[in-house]
Each structure stands twice: as structure tokens, then as C-alpha cells.
Engineer: 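Quick one: the structure is below, questions incoming.
Sequential numbering from 1 along the given sequence is applied to the chain's residues.
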Amino acid sequence: MRQPSEQNTDASGGDVALMSPNLLWGLLETADRIGAPSDDWFAGTGLSRAQVSDPGVRLPDRPTAIVIERALKVLPPSIGLDIGRVQHVGNFGLLGLAMTTAATFGEALQIGLRFTPVVGSLMRFVESASESGTLALAGQMTIAFPSIHRFVTEEFFSSCLALARGLVGDKLRPQRLEFSYPEPEYRDQYEAVFECPLAFDQPQDRLVLDADWLAAPLPTHNPIASKQVLALCEAQMPSGAVPGEATAAVERLLRAQLPQDPKLTDIAAQMHVSERTLRRQLTGEGTSFHQIHDRLRIDRAYALLRERGPSIASVGAAIGYKDPRDFRRAFKRLTGETPRALREKLWAEMARERR
């Protein structure tokens, strides 16, 4: 990804401009190379091809998503993997530089999680519940735009893995990758890019990594340069970027209290703000209390369902459902499957991985 400048140009004239032009530049470059039409991609969006050629411009996310949606109609279905797999540390600009100065891969990872908005992306990683000895990261779209979800996930996961391998070496392999959408026809390309066990039709898009990698030292560590470049990252964090302070605080409090099923009023009181203020803060950060609560509940339930010990009822109780029937209905509404059906699928996949 090419490094943005300190500009925060609002290309739409109204929306907050957070997106790097990198994705659109990659799509246009591919279209030109294979002779695919691109003349109508920008119609009515307020964006233009000239803006995409300027790495200093920030683009509003929804018009950018519309352009991507149009591009996907004429480009190869695996374009997300094609763009992501060729990324390297230098493509991530200031963020990539900041990560190279870290002492360990774990420290670099935390820098990446904190400063993802510096490079501008339609997806971010959030830490997810995981088994002992592993680290799990769930991909979360910054806007709801289902028609481009698979593309964004493919590009984000493959480019982040390319970045990680650039930091610690090509031997890095995820323990497994999970995707929320059906298996595509080009699964073989997933296997070539990721080189790890894959699972589709899952509750979330997740990367699971052996936690031992977090202690891996980086040969490019430079403590003096690290302080300088982190200060630059702080300065380039765009206004309105997520996750914000309110989102992080709500996530932290909810995660610790899921069995008690806290409500908005409870969390607001613990944060010493009114319900109205907290609701407004979360809206400004692109989310809501219910979205955060649902995500953390499903995340925790998913981790527990992988285990053979807890009953379905105890899994529900662990995330705040006293009545197993309420848990079953809510889980199916949010994931499309019952807890029991998902558990059977997860156990079958784990059995295949062990063979």
C-alpha cells in the first residue's frame, strides 16, 4: 500500500475521507492490464481516476465501496488475492516502517492493530477469543457492504499475511483461517496464498496463529526510530477512524461481564457518561452498543463451542443467556446456524485437521 501524506482530502465533499486510494489503484491497474472496461466505475460517486493516482488523497469509504462493487463485475473473481499476495512491507508506508522498528512480532502486531487507519482500509483486525497457545484475529468491515465483503476479506487477509512474512520470514504459517462466506471455486488459490488449513461458512472471518510467533525478534528493531515513527503515525491517524476510545472501552467492559448481560445503561454508568452521550460516541465511531455486544457474544460462543467440555446451555450462560432457547434463537439469527449444528461442523473440521 502506498503511503498517504498528511492530507485528509474529502473527495466527496461531505463524507469523512479515510480511505487510501491503494485498492482502487490496484483494480484500475489490473483492468488496464487485461483490457477490462473501467470508464463507468466512478459515475455518480464524486470520485475520479485522477484522485486514485494521487497517494496523498483520502477517499470516503462508501463511494470507494461502490467503485469496487462495479470493478468486481468485470475483473477476475480472485482479484482480492491477486492484489493482496504481492504486497510487502514497503507498500504499507509509514505503518510498515513503524512495524519494522518494533522489538518483536507481537509488538509489531499491536502497532498494526492500533494504526490500521493510517493506511486506510475497509477492514480491520480485532482480537478474538482463542484457545490456549494461540492468537486469533477477526476481520471486521468498517462499513456494511455485503457485495464486496469477500473481495475485501481476501485482499486484507492476504496483504496482512504478506506483511507478517516480510517481518519474520516466509516460514510463518497461520494455524488456520476461517471465512464467513461459502468456499469459492478457486479454493486452490487460497491454498497457494495462505498455505494453511482453511474453513468456510464460519461465524466470522478469522486468522488463528500460534502464539509462539509473538515472541519472534525482529532484526530491524530500532528503539529510537520507533519512537519517532510512532509519533508520526499518531499524527496521521485520520479523524473519525475506528476503533475509537469509546468503542475500545465498551469492548473491554463488555468482554469482562458477558455472563451478567450488562445493558447500555450499565456500561454508560461504569464509564461515567450518560446513555445518550455513549450512544452518540459509538455512532460517531461507526458502531453501536448492540453491534459490539452481539459480536463479542458470538466471538466467545464460537470459542467455547470448539471445546468438548461445555454444554450448549453453559455456553449460552457464559455469554449472558439464562434460557437456552433464547440463546439458540439469538445465535441462529446472528449466524444462520444453531449452536449445536455449528459445534458439529467445528468438531468435524478439527478432526480433518488432525489427520
Engineer: Looking at Glu234 and Arg114, does any basic side-chain N land under 4.0 Å from a carboxylate oxygen?
Structural biologist: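 Yes, this pair counts.
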
Engineer: Can you find a side-chain donor-acceptor pair between Glu69 and Ser147 that sits under 3.5 Å?
Structural biologist: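 The criterion, which ignores hydrogens and geometry beyond distance, is satisfied for Ser147 and Glu69.
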
Engineer: Check whether any side-chain heavy atom of Ile68 sits under 4.5 Å from a side-chain heavy atom of Leu122, and report yes or no.
Structural biologist: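 Result yes, sub-4.5 Å side-chain heavy-atom pair found.
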
Engineer: Atom OG1 of Thr45 and atom CD of Gln51: how far apart are they, to the nearest 0.5 Å?
Structural biologist: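 If we round to the nearest 0.5 Å, Thr45:OG1 and Gln51:CD are 8.0 Å apart.
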
Engineer: Which word best sums up how the rings of Tyr190 and Phe194 line up, parallel for under 30°, tilted for 30 to 60°, or perpendicular for over 60°?
Structural biologist: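 Aromatic pair Tyr190/Phe194 classed tilted.
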
Engineer: Leu177 and Val208: same hydrophobic cluster, using ILVMFWY side-chain contacts below 4.5 Å?
Structural biologist: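 They do not share one cluster, since no chain of ILVMFWY contacts under 4.5 Å joins Leu177 to Val208.
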
Engineer: Locate the shortest heavy-atom distance separating Leu167 from Leu218; write the atom from each residue and the value.
Structural biologist: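 Shortest heavy-atom separation between Leu167 and Leu218 comes out as O-CD2, 3.6 Å.
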
Engineer: If you measure from CG on Leu207 to CG on Leu161, what distance do you get to the nearest 0.5 Å?
Structural biologist: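 Reported value, rounded in 0.5 Å steps: 7.0 Å.
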
Engineer: Within the 3.5 Å criterion, strictly below it, is a donor on Ser128 or Arg206 matched to an acceptor on the partner's side chain?
Structural biologist: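 The criterion, which ignores hydrogens and geometry beyond distance, is satisfied for Arg206 and Ser128.
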
Engineer: As an exercise, state the distance from CZ of Phe331 to CG of Asp326, rounded to the nearest 0.5 Å.
Structural biologist: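 So the CZ of Phe331 and the CG of Asp326 are separated by 15.0 Å.
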
Engineer: Going from CG on Asp205 to CD on Glu178, what distance comes out if it is rounded to the nearest 0.5 angstrom?
Structural biologist: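 Nearest 0.5 Å value for the CG-CD distance: 9.5 Å.
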
Engineer: Heavy atoms only: give me the nearest Pro217-Pro219 pair and the separation to one decimal.
Structural biologist: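 Closest approach of Pro217 to Pro219, heavy atoms only: O-CD, 3.8 Å.
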
Engineer: Taking C-beta and beyond as the side chain, do Leu81 and Tyr186 meet within less than 4.5 Å on heavy atoms?
Structural biologist: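 With C-beta onward as the side chain, the pair touches.
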
Engineer: Nearest heavy-atom pair of Val67 and Phe42: which atoms, and what distance?
Structural biologist: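 Heavy-atom minimum between the residues: CG2-CD2, 3.9 Å.
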
Engineer: Assess whether side-chain contact (heavy atoms from CB on, under 4.5 Å) is satisfied between Leu23 and Phe151, documenting all intermediate values.
Structural biologist: CA-CA 11 Å; Leu23 268 185; Phe151 163 79; 3.9 Å; yes

Engineer: On a heavy-atom basis, which atom in Gln87 and which in Phe92 lie closest, and how many Å separate them?
Structural biologist: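 For Gln87 and Phe92, the tightest heavy-atom pair comes out as CB-CE1, 4.1 Å.
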
Engineer: Rounded to the nearest 0.5 Å, what separation is found between the CD atom of Gln110 and the CE atom of Met99?
Structural biologist: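 Separation between the atoms: 10.0 Å.
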
Engineer: Near Arg187 CZ, under 6.0 Å, is it more than 12 heavy atoms from other residues, nucleotides or ligands?
Structural biologist: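 Yes, enclosed.
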
Engineer: Tell me every residue that passes ring-ring contact (aromatic ring centres under 6.0 Å, His included) with Phe125, counting only those two or more places apart in sequence or in another chain.
Structural biologist: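 Listed in chain order: Phe156, Phe157.
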
Engineer: Closest approach of Pro262 and His293, non-hydrogen atoms and distance?
Structural biologist: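 Minimum heavy-atom contact is O-CE1, 3.5 Å.
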
Engineer: Please report the interatomic distance CG(Leu253) to CD1(Ile292), rounded to the nearest 0.5 Å.
Structural biologist: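 Reported value, rounded in 0.5 Å steps: 10.5 Å.
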
Engineer: Any link between Val86 and Leu163 through a network of hydrophobic side chains (Ile, Leu, Val, Met, Phe, Trp, Tyr) touching at under 4.5 Å?
Structural biologist: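 No, because Val86 and Leu163 fall into different hydrophobic clusters, even though each may have its own neighbours under 4.5 Å.
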
Engineer: Which heavy atom of Leu230 sits nearest a heavy atom of Ala98, and at what distance?
Structural biologist: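 Smallest heavy-atom distance, with atoms named: CD2-CB, 4.2 Å.
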
Engineer: Decide side-chain contact (heavy atoms from CB on, under 4.5 Å) for Glu154 and Val193; before the verdict, give the C-alpha distance in whole Å, the side-chain angles of both, and the deciding distance to 0.1 Å.
Structural biologist: CA-CA 10 Å; Glu154 290 175 345; Val193 171; over 6 Å; no

Engineer: Using a 6.0 Å cut-off, check whether atom CD1 of Ile224 has over 12 heavy atoms from anything other than its own residue.
Structural biologist: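 Not more than 12 within 6.0 Å, no.
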
Engineer: side-chain contact (heavy atoms from CB on, under 4.5 Å), that's the test. Do Ile312 and Phe327 meet it? Break it down for me.
Structural biologist: CA-CA 9 Å; Ile312 298 296; Phe327 170 49; 4.0 Å; yes

Engineer: Check step by step if side chain to side chain donor-acceptor pair (under 3.5 Å) holds for Thr134 and Gln175.
Structural biologist: CA-CA 8 Å; Thr134 67; Gln175 196 173 97; 5.2 Å; no

Engineer: Please say whether the positively charged group of Arg297, taken as NZ for Lys or CZ for Arg, lies over the ring of Tyr321, i.e. under 6.0 angstrom from the six-membered ring centre and within 45 degrees of the axis.
Structural biologist: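 Geometry flag: set, cation within 6.0 Å and 45°.
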
Engineer: Tell me, please, which residues at least two apart from Arg33 pass salt bridge (charged side-chain N to carboxylate O under 4.0 Å, His left out).
Structural biologist: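 With neighbours one apart ignored, the set is Glu29.
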
Engineer: For the backbone of Leu305 and the side chain of Arg343, can you confirm whether one donor and one acceptor N or O come within less than 3.5 Å of each other?
Structural biologist: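 Yes, because the side chain of Arg343 sits within donor-acceptor range (under 3.5 Å) of the backbone of Leu305.
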
Engineer: Taking the side chain as everything from C-beta on, heavy atoms only, tell me whether Leu137 gets closer than 4.5 Å to Leu113.
Structural biologist: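 With C-beta onward as the side chain, the pair touches.
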
Engineer: Report, as yes or no, whether the 6.0 Å neighbourhood of atom CD on Glu185 holds more than 12 heavy atoms from other residues, nucleotides or ligands.
Structural biologist: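 No, because the 6.0 Å sphere around CD of Glu185 holds 12 heavy atoms or fewer from other groups.
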
Engineer: Strictly distance-based, threshold 3.5 Å: is any side-chain N or O of Thr100 a donor or acceptor partner for the main-chain N or O of Thr220?
Structural biologist: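 Side chain of Thr100 to backbone of Thr220, a donor-acceptor pair under 3.5 Å: no, none is there.
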
Engineer: Is the shortest side-chain heavy-atom distance between Ile111 and Leu95 below 4.5 Å?
Structural biologist: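 The answer is yes, as the side chains (C-beta and beyond) meet within the 4.5 Å cut-off.
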
Engineer: Heavy-atom distance under 4.5 Å between the side chains of Leu97 and Leu232, does that happen here?
Structural biologist: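 When only atoms from C-beta onward are counted, Leu232 and Leu97 do not touch, as no gap falls below 4.5 Å.
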
Engineer: If we check side chain to side chain donor-acceptor pair (under 3.5 Å) with Arg295, which of these qualifies: Gln204, Glu251, His290?
Structural biologist: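 So, applying the side chain to side chain donor-acceptor pair (under 3.5 Å) to Arg295 and each of Gln204, Glu251, His290, only Glu251 qualifies.
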
Engineer: Kindly indicate whether the side chain of Ile298, heavy atoms from C-beta on, has any atom under 4.5 Å from the side chain of Ile319.
Structural biologist: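 The answer is no; the side chains never approach within 4.5 Å.
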
Engineer: Is the shortest side-chain heavy-atom distance between Thr283 and Arg280 below 4.5 Å?
Structural biologist: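 Contact flag for Thr283/Arg280 side chains = no.
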
Engineer: For a side-chain contact (heavy atoms from CB on, under 4.5 Å) check, start with the C-alpha distance between Leu264 and Leu278, then their side-chain angles and the critical distance, and finish with the verdict.
Structural biologist: CA-CA 8 Å; Leu264 175 63; Leu278 180 55; 3.6 Å; yes

Engineer: Check this for me: does any side-chain nitrogen of one of Lys73 and Asp40 sit under 4.0 Å from a carboxylate oxygen of the other?
Structural biologist: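 No, no charged N to carboxylate O under 4.0 Å.
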
Engineer: Considering only NZ, NE, NH1 and NH2 on the basic side and carboxylate oxygens on the acidic side, decide whether Glu195 and Arg165 come within less than 4.0 Å.
Structural biologist: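 Yes, this pair counts.
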
Engineer: Taking the side chain as every heavy atom from C-beta outward, state whether Leu342 and Pro203 have any pair of such atoms under 4.5 Å apart.
Structural biologist: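 They are in side-chain contact.
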
Engineer: Has Ser226 got a side-chain atom pairing as donor or acceptor with Asn222's backbone, closer than 3.5 angstrom?
Structural biologist: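 Not at all, since once roles are kept as given, no pair shorter than 3.5 Å links the two residues.
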
